[in-house]
Amino acid sequence: MPEGPELHLASLYVNKMCDGMVFGGTVIKSEVSKCPEVAFTCDSYRITATSRGKEVKLTLTPMKSDDDGNRRSKGGQADQHMDIVFRFGMSGYFRFTSEEEVPKHAHLRFYTKEKPRRVLSFVDTRRFGSWQPNGTWQPDRGPCIMFEYKSFRENVLSHLSDRAFDRPICEVLLNQKYFNGIGNYLRAEILYRLNIPPFVCARDVLEGLQLEDEFENGKAKKKAIKREAGDVLRLSHTVPLEVVNLGGKGYDPEKMDYSAFEAWLRCYYVDGMKSVRDHNGRTMWFKGDPGPMAPKVVSKRRKAEKTQEETQQSETKSTARRKKSNSVEPAAGKHLGL
DNA sequence: CGTCCACGTCTAC
DNA sequence: TAGACCTGGACGG
């Protein structure tokens, strides 16, 4: 589920499923969740969603009593809207189902008023996700890489003296203060497209980039030779948007098959690519030169094929789970639980 | 059965 | 810079 594109697709899903829906009553939290109760009770309300980077905000809006033939709000009834800001951790997503079909690990639930009720659920198997009632976008997170491109770009380029940019570019790409929305598969795909070694100093990659994106609307001129039009900041914007556009079928975790997404991946978890744990213990997928700031052990992940002539090399672990998806084989490979 | 791994933060030494 | 926080799928014995 959870990098910038999936958070945005989740907001589209909520808006689509909840369009015209009337919710009512109390918001229910699972017993096991340690997140805060949502003290919102209302006879009739609507739900809408927006996203920013790796956060989604739900807005609960009470309906005018007139819409419903009821009087003005009684005691304990919400009269004003409430924002709830969600982070998805490793496994969060939204689902809209019948009451009987509420998924396991549905930790926050909003019920409709219909006769057989339906439920909008925040589902989060591992419970690394969180929500904040009356919340705001987390202040330390930067502008959205997808929908606040200009200020995202400015925020990075105006802070290059920050010690944060002393680190390897692949690690800085996960810094949500500057790259709000980039996650582990996106950093691999972005650097792979540009052939940038992941463990090059971030400042070396970023300094010299212009505030104005030269690749926008044909300004590239002679630079058009480059196949991937753009620098690392532009691709931090366009590559996530490609994933948003993949979700065209509609982000529906129930019916979604991941073959399109798997086919889209060129580097992350792709057979034959190299991988190494970065300084924060996260697996960095890449091809070619790791770069000067790389940790030592770099392994090449391949599928354990029958043709094991290639079991030589300096491979530590040789268990890749995923072949390049344009493979001829049935799409039965491991998929990401998006 | 067991070990390893996963799309991400958090806070504590 | 380590763990901590969690569940569950893949794979090994």
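In what follows, chains carry the letters A, B, and so on, assigned in the order in which the sequence lines appear, proteins first and then strands, with residues in each chain numbered from 1. Everything quoted here is computed from the prediction, not taken from an experiment.
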* Output yes if the stacking criterion (under 5.5 Å between centres, under 30° between planes) is met for F88(A) over the base of dG8(B), else no. =>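 Stacking is absent between dG8(B) and F88(A), given that the ring centres and planes do not meet under 5.5 Å and under 30°.
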* Does the aromatic ring of F128(A) sit over the six-membered base ring of dC6(C), closer than 5.5 Å centre to centre and tilted less than 30°? ->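 According to the criterion (under 5.5 Å, under 30°), no, F128(A) does not stack.
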* Is there a donor and acceptor pair, one atom on the side chain of R127(A) and one on the base of dC6(C), closer than 3.5 Å? ->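 There is none.
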Once you round it to whole Å, what is the distance between [atom2] of [N] and [atom1] of [X]?
X	N	atom1	atom2	answer
N280(A)	dC10(B)	CG	C1'	13 Å
N184(A)	dC5(B)	CG	P	14 Å
Y268(A)	dC5(B)	OH	P	12 Å
D124(A)	dT7(C)	CG	C1'	10 Å
M284(A)	dC5(B)	CE	P	17 Å
D278(A)	dA2(C)	CG	P	11 Å
L174(A)	dA6(B)	CG	C1'	14 Å
W285(A)	dA6(B)	CH2	C1'	12 Å

* To do: Could you give the distance separating dT9(B) and dG8(C) at their P atoms, to the nearest angstrom?
  =>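 Approximately 22 Å lies between the P atom of dG8(C) and that of dT9(B).
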* Asked: Rounding to the closest angstrom, what is the interatomic distance between dC1(B) and dC6(C) at atom P?
  ->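 To the nearest whole Å, 22 Å.
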For [X], give me all partners under side chain to side chain donor-acceptor pair (under 3.5 Å), at least two apart in sequence or on another chain.
X	value
T59(A)	D83(A)
Q132(A)	none
E189(A)	none

* To do: Write out all pairs satisfying salt bridge (Lys or Arg N to Asp or Glu O under 4.0 Å) with one or both partners inside residues 116-144 of chain A, taking only residues at least two apart or from two chains.
  =>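 Sorted result for residues 116-144 of chain A: E99(A)-R117(A), E114(A)-R118(A).
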Side-chain N or O of [X] versus OP1/OP2 of [N]: is the shortest distance under 4.0 Å?
X	N	answer
R282(A)	dG8(B)	yes
T125(A)	dC6(C)	no
Q176(A)	dG8(B)	no
K104(A)	dG8(C)	yes
K34(A)	dC5(C)	no

* Under 6.0 Å from the six-membered ring centre of W137(A) and within 45° of its axis: does the NZ or CZ of K57(A) meet both? ->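 Positive - K57(A) is close enough to the ring of W137(A) and near enough to its axis.
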* Asked: Do you see a donor-acceptor pair shorter than 3.5 Å between the side chains of S151(A) and E154(A)?
  ->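 Their side chains do not contain a donor-acceptor pair, so the 3.5 Å distance test is not met.
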* So, H107(A) and S30(A): side-chain donor and acceptor under 3.5 Å apart, yes or no? ->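 Note: H107(A) and S30(A) side chains meet the donor-acceptor criterion.
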Of the listed nucleotides ([options]), which one gets closest to any side-chain atom of [X]?
X	options	value
R87(A)	dT9(B), dA6(B), dG8(B)	dT9(B)
H105(A)	dC10(B), dG8(B), dG8(C)	dG8(C)
R167(A)	dT7(C), dG8(B), dT1(C)	dT1(C)
K54(A)	dC5(B), dG8(B), dT1(C)	dG8(B)
R141(A)	dA6(B), dT7(C), dT9(B)	dT9(B)

Distances under 3.5 Å between protein N/O atoms and the N/O atoms of nucleotides 11-13 of chain B, please, pair by pair.
none

* Asked: Under 4.0 Å between a Lys/Arg side-chain N and an Asp/Glu carboxylate O for K113(A) and D43(A)?
  ->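 Yes.
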* Asked: Is R167(A) salt-bridged to E171(A), going by a charged N under 4.0 Å from an acidic O?
  ->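 Yes.
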* **CA sep, side-chain torsions, deciding dist, call: Y45(A), F23(A), ring pair (Phe, Tyr, Trp, His ring centres under 6.0 Å)** => CA-CA 5 Å; Y45(A) 66 96; F23(A) 292 81; 5.8 Å; yes
* Under 4.0 angstrom, heavy atoms only, what part of the nucleic acid is Q138(A) near: base, sugar-phosphate, or nothing? ->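 Sugar-phosphate contact only - Q138(A) comes under 4.0 Å of backbone atoms but never of a base.
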* **Runs of at least three Watson-Crick or G-U pairs with DNA chain B, cut-off 3.5 Å** =>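 If one scans DNA chain B for consecutive Watson-Crick or G-U pairs, the stems found are B:1-6 with C:7-12, B:8-12 with C:1-5.
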* Asked: Hey, what's the ring geometry for H237(A) with Y149(A), parallel, tilted or perpendicular (30° and 60° as the breaks)?
  ->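 Taking Y149(A) first and then H237(A), their aromatic rings lie parallel (interplane angle under 30°).
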